[in-house]
Amino acid sequence: MTASRPAYRSSGGYGGAQVTLAASRKDGDRWLGAFARFDNLAGASFEDSPLVRRRSHLSIGIAVSWVFSRSSTLVSVED
C-alpha cells in the first residue's frame with residue numbers, strides 16, 4: 001500500500017495459464033535452441049490488482065552455443 005496505490009487483497013484461486021514451446025538442435029560442436037512462451041491472466045483471481053498492467057504476454061528467445069575446446073582425455077559412454 002502506498003499513497004498512490006490502495007491495499008489490495010486477493011482470495012486464493014486460479015492464477016492464469018502458460019504455454020511454452022521449445023526446440024533445440026545439436027550439430028557437432030554447435031547447439032541452437034529457441035523458445036516461445038505465452039502467459040495469460042484472463043480469469044485469474046488477482047486479474048484486477050493494480051499491479052497487473054497486462055493480461056497477456058508473449059516471450060521469445062534464441063540461444064547459440066559451441067564447444068571451442070575439448071579435453072585430450074574423454075570418457076566413453078554407451079547409449
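What's counted below: heavy atoms across the whole structure, side chains too, no hydrogens, waters or symmetry copies.
- To the nearest 0.5 Å, atom CZ of residue F38 and atom CD of residue Q18 are 11.0 Å apart.
- Taking the charged nitrogens against the carboxylate oxygens, R37 and D39 do have a contact shorter than 4.0 Å, which makes a salt bridge.
- Remark: I60 CD1 is loosely packed, at most 12 non-hydrogen atoms of other residues, nucleotides or ligands lying under 6.0 Å away.
- Here the closest non-hydrogen pair linking W31 and S24 is NE1-CB, 3.4 Å.
- Residues G16 and A44 come closest through the heavy atom pair N-CB, 3.9 Å.
- Heavy-atom minimum distance, F46 versus Y14: CE2-O, 4.4 Å.
- V52 approaches R54 most closely through the heavy-atom pair CG1-O, 3.4 Å.
- With contacts defined as side-chain heavy-atom distances shorter than 4.5 Å, the pair L41/H57 does not qualify.
- Counted within 6.0 Å of CG on L58, heavy atoms from surrounding residues, nucleotides or ligands total more than 12; the atom is thus considered enclosed.
- Counting heavy atoms from C-beta outward, S59 and F35 have side chains that approach closer than 4.5 Å.
- With a 6.0 Å radius and a threshold of 12 heavy atoms from other residues, nucleotides or ligands, R30 has its CZ atom at or below the threshold.
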